[in-house]
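Since the structure comes first, as structure tokens, the remarks are kept for the end.
Naming convention: chains lettered A, B, ... in sequence-line order (proteins, then strands); numbering from 1 in each chain.
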Number of protein chains: 2
Amino acid sequence: MGTKADLNRQHIIDTADNLFYRQGFDHTSFSDIADAAGIARGNFYYYFKTKDDLLAAVLLSRNKAIKDMLDGWDKQMPDPRQRLNRYVQILTNCQHEIKEFGCPMGSLCTELAKLRHALQFNANDMFEIFRSWLREQFSLLGRRDDADQLALHLIARSQGIALVANTYQDAAFLEREVKELNRWIAQL
Amino acid sequence: MGTKADLNRQHIIDTADNLFYRQGFDHTSFSDIADAAGIARGNFYYYFKTKDDLLAAVLLSRNKAIKDMLDGWDKQMPDPRQRLNRYVQILTNCQHEIKEFGCPMGSLCTELAKLRHALQFNANDMFEIFRSWLREQFSLLGRRDDADQLALHLIARSQGIALVANTYQDAAFLEREVKELNRWIAQL
DNA sequence: GTCTATATACGGATAGAC
DNA sequence: GTCTATCCGTATATAGAC
């Protein structure tokens with residue numbers, strides 16, 4: 001439904017999503033979100049009962065965005081190898097954000113693990129969507145036996161690159177490692 | 001100096017270090033540290049003026065521990081390949097902590113980046129100590145031209161493994177990837 | 001649906017007795 | 001050096017007028 005309330009709700013979710021990414025979940029206050037979204041603090045609770053409710057909504061919103069993106073890739077690209085390279089290309093396309101704030105998925109999962117947050121494992125769904133999609137591509141390449149291991153391997157490689165690029169704020173390192181991953185995909 | 005005050009100071013540092021690792025820096029309060037260390041909140045400020053001072057002391061303490069460890073390895077093992085494998089073995093030895101809390105260096109750097117903390121780049125020193133030591137080992141293996149790139153590559157691989165092992169709380173994945181890294185070192 | 005005002009808890013940090 | 005008591009800011013969350 002495209003009612004005004006629904007649009008406001010999604011606007012809050014998008015604003016919170018962005019701030020959670022840039023500042024961390026715990027470190028982002030309702031005031032931060034309210035200010036950035038242009039609404040009053042009090043009105044906030046009309047849409048979300050607690051901060052955890054808001055986090056849950058952000059996670060669902062992210063999951064949908066990831067699924068939509070992968071569906072689009074599937075329609076545009078029939079070749080699994082091309083799809084794998086498109087996955088790796090995220091690192092290049094988002095290199096400025098990654099340099100500043102790391103990976104939105106990895107940094108959030110890391111934080112929720114430390115907080116021992118109730119939604120810690122809900123956040124894994126983001127990775128799971130990528131993982132099953134990657135598994136499918138490796139299967140199509142004939143690697144049915146170790147498709148899942150290859151999927152997790154590629155995710156871990158990407159996460160390591162994002163973490164180091166963020167820590168060192170080094171985009172050149174990121175570019176080098178992306179080329180390395182492209183070579184790895186080519187020789188599978 | 002081994003005075004009582006110095007011992008207390010180091011005791012606070014060690015307690016804070018452990019809590020920062022398990023709960024995160026921002027999420028750990030003075031009350032948490034005081035309770036865990038068995039001292040009163042007020043007495044805390046006799047040793048450290050601010051929370052940031054305490055973090056700085058924790059970082060220095062970590063740096064010293066890393067240097068001492070690497071010096072020990074250098075004395076025990078003359079072969080650079082053996083040393084590289086010993087580095088990777090940290091993942092296996094610490095798999096339970098990594099599964100629960102991730103890598104102490106990577107998760108702290110990730111958090112400080114989000115907080116835009118003044119000591120964000122001080123925390124990188126931990127990685128820098130490993131990086132220069134790894135660079136030395138790759139140089140000894142005859143890879144003088146790309147020694148630094150190999151060092152960063154290995155650090156990124158390790159970080160990705162720790163992050164995914166923590167996110168999925170999956171020790172089997174960690175073990176598989178460690179074997180992969182051992183193969184990579186063997187065929188350098 | 002949106003706002004202001006406020007309850008309540010907890011954070012870092014300080015003062016000062018002992 | 002160690003403790004208790006406390007200030008002050010900010011956080012989540014709620015109440016209730018409009």
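Salt bridge A/E111/A/K114: absent, no basic N to carboxylate O contact under 4.0 Å. Using a 4.0 Å cut-off between charged nitrogen and carboxylate oxygen, B/D71 and B/K67 do not count as a salt-bridge pair. Between A/E100 and B/R116 there is a salt bridge, since at least one side-chain N of the basic residue sits less than 4.0 Å from a carboxylate O of the acidic one.
For A/F25 and D/dA11, the CZ to C1' distance is 12 Å, given to the nearest whole Å. C/dT2 atom P lies 13 Å from atom CZ of A/R9, rounded to whole Å. The distance from atom CG of B/D26 to atom P of C/dC10 is 16 Å, rounded to the nearest whole Å. If you take CZ of A/F30 and C1' of C/dC3, they are 17 Å apart, rounded to a whole angstrom. Atom CD1 of B/I12 is separated from atom P of D/dT2 by 8 Å (rounded to the nearest Å). The separation between B/I39 atom CD1 and D/dT4 atom C1' is 14 Å, rounded to whole Å. Distance, B/D35 CG to C/dC10 P: 13 Å, rounded to whole Å. Atom NE2 in A/H117 sits roughly 13 Å away from atom C1' in D/dT12 (whole-Å rounding).
Phosphate contact (OP1/OP2 of D/dT2, side-chain N/O of B/N8, threshold under 4.0 Å): present. A/N43 has no side-chain polar atom (N or O) that falls below the 4.0 Å cut-off from OP1 or OP2 of C/dG1. OP1 or OP2 of C/dG1 sits under 4.0 Å from a side-chain N or O of A/Y46.
The nucleotide whose nearest atom lies closest to any side-chain atom of B/T50 is, among D/dA13, D/dC3, C/dA13, C/dA13. Nearest to the side chain of A/A5, among D/dA13, C/dG1, D/dA11, sits C/dG1. In the set D/dA11, C/dT4, C/dG11, the nucleotide with an atom closest to the side chain of A/A40 is C/dT4.
Projected onto DNA chain C by closest heavy-atom contact, A/Y47 and B/R41 fall at different nucleotides, the more 5' of which corresponds to A/Y47.
Within the nucleic acid shown, B/Y45 comes within 4.0 Å of at least one base atom, counting heavy atoms only.
Screening B/F44, B/Y47, B/F48 for a ring-ring contact (aromatic ring centres under 6.0 Å, His included) with B/F30, the sole residue that qualifies is B/F44.
The cationic atom of A/R62 (NZ for Lys, CZ for Arg) does not lie both less than 6.0 Å from the six-membered ring centre of A/F20 and within 45° of the ring axis.
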